[in-house]
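Here's the structure, in structure tokens; my notes come after.
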Amino acid sequence: MPAITLPDGSVRMFDAPVTGTEIAAAIGPGLARAALVMKLDGRLVDMATTVAGDASIAFVTRRDEDALEMIRHDAAHVMAEAVQALFPGTQVTIGPSIEHGFYYDFARNEPFTPEDFPKIEAKMREIVARNTPFLRQVMDRDAAISFFQAKGEKYKAELIQDLPRADEISLYTQGEWVDLCRGPHLRSTGDVGTAFKLMKVAGAYWRGDHRNTMLSRIYGTAWRDQKALDAYLHMLEEAERRDHRRIGKDMGLFHIQEEAVGSVFWHPKGWKLYRTAEAYMRRRLEASGYVEVKTPQLVDRALWEASGHWEKFREHMFIAQVEDEDKTLALKPMNCPCHVQIFRQGLRSYRELPLRMAEFGACHRYEPSGALHGIMRVRAFTQDDAHIFCTEAQIADETVKFVELLSATYRDFGFAEFRVKFSDRPAMRAGDDVTWDRAEGALKEACATAGVDYVINPGEGAFYGPKLEFVLRDAIGRDWQCGTLQVDFVLPERLDAEYVGEDGARHRPVMLHRAILGSFERFLGILIEQYAGRFPLWLAPVQMVVASIVSDANDYAEHVARTFRAAGLEVRVDGTNQKINAKVREHSLAHVPLIAVVGRKEAEQNTIALRRLGGDAQELLPLAAAVTMLIREATPPDLRAAAGG
RNA sequence: GCCGACGUAGCUCAGUGGUAGAGCAACUGAUUCGUAAUCAGUAGGUCGUCAGUUCAAUCCUGACCGUCGGCACCA
């Protein structure tokens, strides 16, 4: 006699066990049509699930977020059936739903190409139109293994073998086709709908391990309806326009070429942007009690051996030899060992701690070729790096201070939101477990004090200590680690850093490795995408163009430019022989925030006609007043309070 | 590094087994014009590199380099 409680609190009695389908039908024909999946005591189950006892039930319709995930999951099943129908001999492996869609990994000797998509999509539409129910079936573990082995699906058999003993093995059939799946599923293939599209093919290692076979992955996207699909595809096009590689080229910010793979050639405008960011960081660090240093690029192998990098990191290091000397040097992949060398000069006192040592350190790392990505992932980059030498008792306080500094910095650059990951001990690590316990504990405690919400990122810590990763998202939705804070008990030990304590004895300091932007290259790449090249005035590499209407006004245009330049603005003059329409268009497309238009009238009256990017209004302003106003607007955010703005 | 796709003028792209085209940009000339494209002309390419097939290769084949999308990696 199940009593079914519905989301509105009402209770319905049934005199025998009922399926979700029957409950929905009992409530009304509209719900019976719309209900795709049932939430049984908070757990998603098939509509065909029988409810024997009292339960609370909610029905998921197409509009619910859960439904979208299931549409995607089921689309993966539909695609798998289509692929196996079209390409006999292909084995299925796994096919989950993901953000915006789904994928399925297939084992096939010949990889798929995008040219196969139309065929597969057509077959998928057939399967959807066929509208066969997804039927759940529980099978004995050994029977399931032999079932899949008999079908030649050795990957599925392997998956079942590794499933926890306690787990029920469920199979889902859709017509003739059957797949191992935990479920739940929509009612039938028709519920998937036709708002899907296959997007790309890719290789992917079986079980994510590069020692395993490479499978052939097909990515697809799926939505509730065509409108949502179209909106998504449109969003992707928009995102492509924001791509920092595209904008970097269009705006002439930087380039990369074959002779220096993974290194950036910064052009004047890009370098101006870089310097603006660097100057900002330098002011921030000075105001936060950091001292800045500069350490060598090329350092003898001996130091890297002492620090542990030679052992753990050598294949990622650029090694340099000199002909006349029997020495091996390496381009530094990190700044930390060098900073310890500065710390070790002379005898340090506890009174000097915390010692915050910053460097805009240029590092080189031999990154795998497949990892390179524009200026976001490069082999030569500059970190806004610093190492805080402190006592264990100071970790929490320094972490809190750091998080505050990082938040203020991100906010000033226009990133209101960022995510934090806590990466704990990796498999390959230096230091014993007791030390790791202490380091992780201290960092967690500090996070609690700083009020930082984080997600655990298991096993992803640095080899010398746990870390916090501050993650920003690019235009295409990819996450990038920018800021980081790492607790390190190991390196001070290895490199023998010590200070004299209050007690007169020698002690080991703790090192906090920390960066806010991470690498300038990566951060600027994300910044470019964030603003799609339309930077706020203080960051814009060219802040103003003075455009003359007639050549008679060119001298005045130069005068205007000189006046603004003297006040600190980056200004160009466009005195070319073009119509003002063309000039406005050109500089607007180049994302110049301010266009000062000057003709005979402005020259006579000592004014400018100001036009701002993104608007078509014109403001006629006396030159002197415009300078005062715009210089104030162009003040970097950290200086605004001081400037009274 | 692995799987796949791609590489033609500064940029975006078209094209063909008989050594290449468009638009924009550039340059020259004319035009002096009031807020998102003035007109005309000129110039510009070892078709990523190296081999092979062929009477003939930018096109077909292979290797390499690079880029792009994933996977793996990211101290």
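Convention: sequence-line order gives letters A, B, ...; per-chain numbering from 1. Atoms considered below: every heavy atom in the structure, side chains included; atoms not considered: hydrogens, waters and symmetry mates.
By the 4.0 Å N-to-carboxylate-O rule, Glu240(A) lies too far from Arg246(A) to be salt-bridged with it.
Using a 4.0 Å heavy-atom criterion, one finds that Lys579(A) contacts the bases of the nucleic acid, with or without backbone contacts as well.
The P atoms of U46(B) and U58(B) are separated by 12 Å, rounded to the nearest whole Å. When the C1' atom is used for both A57(B) and U8(B), the distance is 14 Å, rounded to whole Å. Comparing A63(B) with C2(B), their P atoms sit 13 Å apart, to the nearest whole Å. Atom P of G29(B) sits at a distance of 24 Å from the matching atom of G34(B), rounded to the whole Å. Atom P of G1(B) sits at a distance of 34 Å from the matching atom of U16(B), rounded to the whole Å.
With distances taken from any side-chain atom of His210(A) to the nucleotides A72(B), A37(B), C71(B), the minimum falls on A72(B).
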Verdict with supporting geometry, Arg207(A) and Asp162(A), side-chain contact (heavy atoms from CB on, under 4.5 Å): CA-CA 12 Å; Arg207(A) 300 197 146 176; Asp162(A) 294 351; 2.6 Å; yes
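Between Met124(A) and Ala75(A) the shortest heavy-atom distance is CE-O, 3.7 Å.
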Report, one pair per line, the protein and nucleotides 22-25 of chain B atoms (nitrogen or oxygen only) whose separation is under 3.5 Å.
none

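Counting distance only, with no hydrogens placed and no angle test, the side-chain atoms of Glu602(A) and the base atoms of G34(B) include a donor-acceptor pair under 3.5 Å. Judged by distance alone, with hydrogens and angles left aside, Tyr205(A) brings a side-chain donor or acceptor within reach of the base of G1(B), the pair sitting under 3.5 Å.
When the side-chain nitrogen and oxygen atoms of Arg377(A) are compared with OP1 and OP2 of C73(B), none of them lie within a distance under 4.0 Å. The phosphate of G69(B) (OP1 or OP2) has a side-chain N or O of His373(A) nearer than 4.0 angstrom.
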Per-nucleotide pairing state of RNA chain B [Watson-Crick or G-U, under 3.5 Å; [ ] pseudoknot-crossing; | other strand]: (((((((..((((....[..)))).(((((.......))))).....(((((..]....))))))))))))....
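Scored by the ring-ring contact (aromatic ring centres under 6.0 Å, His included) test, Phe535(A) finds no partners at all (sequence neighbours excluded).
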